[in-house]
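Okay, structure first, notes after.
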2 protein chains.
Amino acid sequence: MEGIKLTDLQKTLVEKLGVVFEHAGSQPAPSRVLSLLLVADNTELTFDEIWQTLKISKSAASNAINLLLTTNKIEYITRTGNRKRYFRSRITSWREEMRNSLHGLLHVSKLYQEVLDQRPKSTKEFNASLKDVIEFTEFLHQELDSIFLKWELRKKK
Amino acid sequence: MEGIKLTDLQKTLVEKLGVVFEHAGSQPAPSRVLSLLLVADNTELTFDEIWQTLKISKSAASNAINLLLTTNKIEYITRTGNRKRYFRSRITSWREEMRNSLHGLLHVSKLYQEVLDQRPKSTKEFNASLKDVIEFTEFLHQELDSIFLKWELRKKK
DNA sequence: TATTTAGTTCATAATTTGCAGAACTAAAGA
DNA sequence: TCTTTAGTTCTGCAAATTATGAACTAAATA
């Protein structure tokens, strides 16, 4: 048996999502692995199921999976008396990932501050915008929890 | 004269920012052009100043500039009796750009909805997370203006 | 001890990307 | 009309990125 069975719709979705992830900066193979783990009926797939279903080489799958593991996009579980690893998307930790993305923006912010520090005082509007971006990013980072909270309150209703 | 003069700090900042933009998915030359327009004392630079300062070819500069123009990262102004275009960063429209980024996320959200629509009902927690991501993205999109507002109120104090 | 399993690593091979250089163009000026 | 200016467009190439297949490995099983 070669990989898992996907409907035509599922195959299309894997490719469409794959392209979206590529545009977001991810490589082709990792993008497709991640997509497959979102689209497949079974959310926990083995190494063999992944490369056989996506029709990519074992080495491409190995590299893709390890990249996704180190970037915390996926994780794996094991089962007693079974050497296989079952890989799954970490979508359930999406809040955590969003926080991390914002942390990345904070790093850009620090660079913007360095830029601002060395700018001539004369370009007032420009400098003010730069300062706005820096401050708003920091604000967003501080506010994230209360934004989550507000959303959860609204959701309950 | 070859391009504009940059201090060593400015040169370093152009490269550091350039790398950051590259990590965000932008190509090398557009990244450097965008960085230069943030770092240079003069916020409005001509085509010749850009390629000569960055030591890239005219074609690389032309392509980079046009890409940045079509993605609304930069704009240009002209001056009477002068055929040159003066390019500048659109950083002052950063709110608009943020709104657009969120709009892009909304597009991903639509795909996630397609994924969710075809998923088996049995993977409850997984599906719930997917739904959360979709709904939170929409929430954020709706809330953006009031988040801006809250930030501006806080800023005044 | 031999074999199978679940991957990993390595040496390329195949694309893809991004840039340079040169030729080109359209408008303005001399 | 010739030249200059302010770019654009068109190859061609070098480098970087990705993928492949085959050989390898370490643990478990027979």
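Per chain, numbering begins at 1; letters A, B, ... match sequence-line order. We use all heavy atoms of the structure for the numbers below, so side chains are in, but hydrogens, waters and symmetry mates are not. None of the values given here were measured: they were computed from a predicted structure.
A:I56 is not connected to A:L67 by any chain of hydrophobic side-chain contacts under 4.5 Å among Ile, Leu, Val, Met, Phe, Trp and Tyr, and they are in different clusters.
Panel note: side chain A:R119, backbone B:L38; a donor-acceptor pair is recorded below 3.5 Å. In this structure, the side chain of B:Q52 does not engage the main chain of B:E49 through any donor-acceptor pair within 3.5 Å.
Residues from residues 59-76 of chain B with heavy atoms under 4.0 angstrom of DNA chain D, sorted by number: B:S59, B:S62, B:N66. Applying a 4.0 Å cut-off to non-hydrogen atoms, the residues of residues 77-89 of chain B that approach DNA chain C are B:R83, listed by residue number. Within a heavy-atom distance below 4.0 Å of DNA chain D, no residue of residues 33-41 of chain A is found. Near DNA chain C, defined here as any heavy-atom distance below 4.0 Å, there are no residues from residues 19-26 of chain A.
For the pair B:T46 and A:S57, nearest-nucleotide mapping onto DNA chain D gives the more 5' position to B:T46.
The pair A:R95-A:E152 meets the salt-bridge criterion, since a charged nitrogen lies less than 4.0 angstrom from a carboxylate oxygen. Classification of B:R99 and B:D145 as a salt-bridged pair holds, one side-chain N sitting under 4.0 Å from a carboxylate O. With respect to B:R154 and A:E143, a salt bridge is recorded, a charged nitrogen being found less than 4.0 Å from a carboxylate O.
The stretch residues 18-37 of chain A participates, sequence neighbours left out, in these salt bridge (Lys or Arg N to Asp or Glu O under 4.0 Å) pairs: A:E15-A:R32, A:E22-A:R32. Residue pairs meeting the salt bridge (Lys or Arg N to Asp or Glu O under 4.0 Å) criterion with at least one member in residues 63-76 of chain A, sequence neighbours excluded: A:K73-A:E97, A:E75-A:R88, A:E75-A:R90.
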Residues 130-139 of chain B, side-chain donor-acceptor partners within the protein, below 3.5 Å, at least two apart:
{"residue": "B:D132", "atom": "OD1", "partner": "A:K155", "partner atom": "NZ", "Å": "3.4"}
{"residue": "B:T137", "atom": "OG1", "partner": "B:V133", "partner atom": "O", "Å": "2.7"}

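Among residues two or more places apart in sequence or in another chain, the salt bridge (Lys or Arg N to Asp or Glu O under 4.0 Å) test is passed with A:R83 by none. Qualifying ring pair (Phe, Tyr, Trp, His ring centres under 6.0 Å) partners for A:Y76, counting only residues two or more places apart in sequence or in other chains: A:F87. Shown here are the side-chain contact (heavy atoms from CB on, under 4.5 Å) partners of A:S62, two or more places apart in sequence or in another chain: A:F47, A:N66.
Where DNA chain D meets chain A (any atom under 4.0 Å from a heavy atom), the bounding nucleotides read 5' to 3' are D:dT18 to D:dA28.
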Q: Starting from the C-alpha separation in whole Å, work towards a yes-or-no answer on side-chain contact (heavy atoms from CB on, under 4.5 Å) for B:Y86 and B:L45.
A: CA-CA 5 Å; B:Y86 292 82; B:L45 300 182; over 6 Å; no

Q: Any chance you could lay out the side chain to side chain donor-acceptor pair (under 3.5 Å) test for B:N100 and B:E96, step after step, and finish with the verdict?
A: CA-CA 6 Å; B:N100 289 342; B:E96 197 184 313; 4.7 Å; no

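Nearest heavy atom pair, residue A:L102 against residue A:L140, reads CD1-O, 3.9 Å. Considering all non-hydrogen atoms of both residues, B:I50 and B:L36 come closest at CA-CD2, 4.2 Å.
In this structure, the side chains of B:P30 and B:F21 stay at 4.5 Å or more apart for every pair of heavy atoms.
Rounded to 10°, the helix from C:dT1-D:dA30 to C:dA30-D:dT1 has 10° between the axis fitted to its first five pairs and the one fitted to its last five.
Protein atom CD of B:Q52 is 14 Å distant from nucleotide atom P of C:dG21, rounded to whole Å.
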